[in-house]
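Working notes for the structure below.
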Amino acid sequence: MRLHLVDGTYELFRAHFSKRPSRTSPDGRDVKAAVGTVRSVAALLDDEAEACTHLAVAFDNPIESFRNELYDGYKDGSGTEEALLAQFDLVEEGVRALGVTVWSMDEVEADDALGTAAVKFVDQVEQVRILTPDKDLGQVVDGDRIVQVDRSREKFYDAAGVEARLGVPPSAVVDHLALVGDTADGIPGVPGIGAKTSAVLLQRYGSIAAIPDRASAWDVQVRGAERIAVALREHAEAIQLWRTLATLRLDVELPETLEQLRWTGVDRPALQAWAEGVGSASLGDWRA
């Protein structure tokens, strides 16, 4: 038995910016992203290869969290189209109508909920599959017990896959993101340190804290070592902030048991009402 944990915010953005034609509801609202996301979750349930029986979908609603209080430059909804922001409540309603558990996050992020659920339930299932390409979820990947799946690119990341992708094992993902930054989350990283340099240092020393202060003490070859060592010292305080921003909260209160995440079928009246509201008769008849 597998547990599927879906990054609903990613799915919503992916649907909004997809090449599919625009879609408006009978009352004139833009519903392309919401309909696309609900269809995507339905497709997951229909996917025989995924064998999806237990699942939950997490959304950032709003696109802000406690991290915005720590750093003004952290991602928020300021650059997001109003037409997309207007669909967050709508998409949650639609996913719930499918009979799927929805976690709507505000103080913490959807990624925190996904990470918390992964470590909470991993010992109760054969595998936890986190459906998102977000790099920060790599920190909770555990062998082939907790893995990431990028459905849009058909990519699979177990622990070896994370290392092949980022150049560091899951245990060093937080430090790696602190050094190189994460543009998706607004983490700037340390100027002058790229992915290759970060990977070399973290592969050798395991963590930022274990890297010797002086480049003369390094026993790995790094181009511009003296300059990089200076940058690490000068940005030491900022690096700690970047680490905090990149570290997932794994203590999110999720009241559901694993059994409560089992999919038992759609809420037919709710799904039909939702589908009628967005003008999608086929969704209303899904699994009828």
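Since the model is a prediction, treat every value here as computed from it, not as a measurement.
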Note: Ala270 and Ala97 closest approach over all heavy atoms is C-CB, 3.8 Å

Would you mind checking if Glu107 and Arg249 are paired as a salt bridge, meaning a charged N to carboxylate O distance below 4.0 Å?
no

Does atom CZ of Arg233 have more than 12 heavy-atom neighbours, drawn from other residues, nucleotides or ligands, at distances under 6.0 Å?
yes

Report yes or no: do Ile187 and Leu166 belong to one cluster of Ile/Leu/Val/Met/Phe/Trp/Tyr joined by side chain heavy-atom distances under 4.5 Å?
no

Heavy atoms of other groups near Lys32 NZ, more than 12 under 6.0 Å
yes

Please work out whether the ring planes of Tyr71 and Trp242 are parallel, tilted or perpendicular, with thresholds of 30° and 60°.
perpendicular

Could you tell me which non-hydrogen atom of Ala231 sits nearest to which non-hydrogen atom of Pro191, and how far apart they are?
CB-O, 4.2 Å

Give, for atom CG of Leu261 and atom CD of Gln124, the distance between the pair rounded to the nearest 0.5 Å.
9.5 Å

Distance, nearest 0.5 Å, that separates OG of Ser198 from CD1 of Ile193
7.5 Å

Has Trp103 got a side-chain atom pairing as donor or acceptor with Ala110's backbone, closer than 3.5 angstrom?
no

Shortest non-hydrogen separation from Gln139 to Ala246 and the atoms involved:
NE2-O, 2.9 Å

Under the 3.5 angstrom rule, does the side chain of Arg151 hit a backbone N or O of Glu11 as a donor-acceptor pair?
no

Look at atom CD of Gln203 and say whether more than 12 heavy atoms of other residues, nucleotides or ligands are closer to it than 6.0 Å.
yes

Does a donor on one side chain and an acceptor on the other come within less than 3.5 Å for Tyr10 and Asp111?
no

Give the minimum heavy-atom separation between Ser216 and Glu226, together with the two atoms involved.
N-OE2, 4.3 Å

Only one of Asp185, Asp112, Asp76, Asp72 clears salt bridge (Lys or Arg N to Asp or Glu O under 4.0 Å) with Arg67; which?
Asp112

How close do Ile146 and Ile130 get, heavy atom to heavy atom, and via which atoms?
CG2-CD1, 3.8 Å

Flag for Ser104-Glu92: side-chain donor and acceptor within less than 3.5 Å
yes

Between the main-chain N or O of Asp30 and the side-chain N or O of Gln87, is there a donor-acceptor pair closer than 3.5 Å?
yes

When you measure from the side chain of Arg204 to the backbone N and O of Asp219, does any donor-acceptor pair fall under 3.5 Å?
no

State yes or no: do Leu254 and Val128 share one hydrophobic cluster built from I, L, V, M, F, W and Y residues joined by side-chain heavy-atom distances below 4.5 Å, directly or via other members?
yes

Using the rule that two of Ile, Leu, Val, Met, Phe, Trp, Tyr join whenever any of their side-chain heavy atoms come within less than 4.5 Å, decide whether Trp218 and Val168 are in one cluster.
yes

For Gly138 against Pro170, the heavy-atom pair lying closest together:
O-CB, 3.2 Å

According to a 4.5 Å side-chain heavy-atom criterion applied to Ile, Leu, Val, Met, Phe, Trp and Tyr, with indirect links allowed, do Leu241 and Phe66 form part of one hydrophobic cluster?
yes

Find out if a path of hydrophobic residues (ILVMFWY) with successive side-chain heavy-atom gaps under 4.5 Å connects Val35 to Trp286.
yes

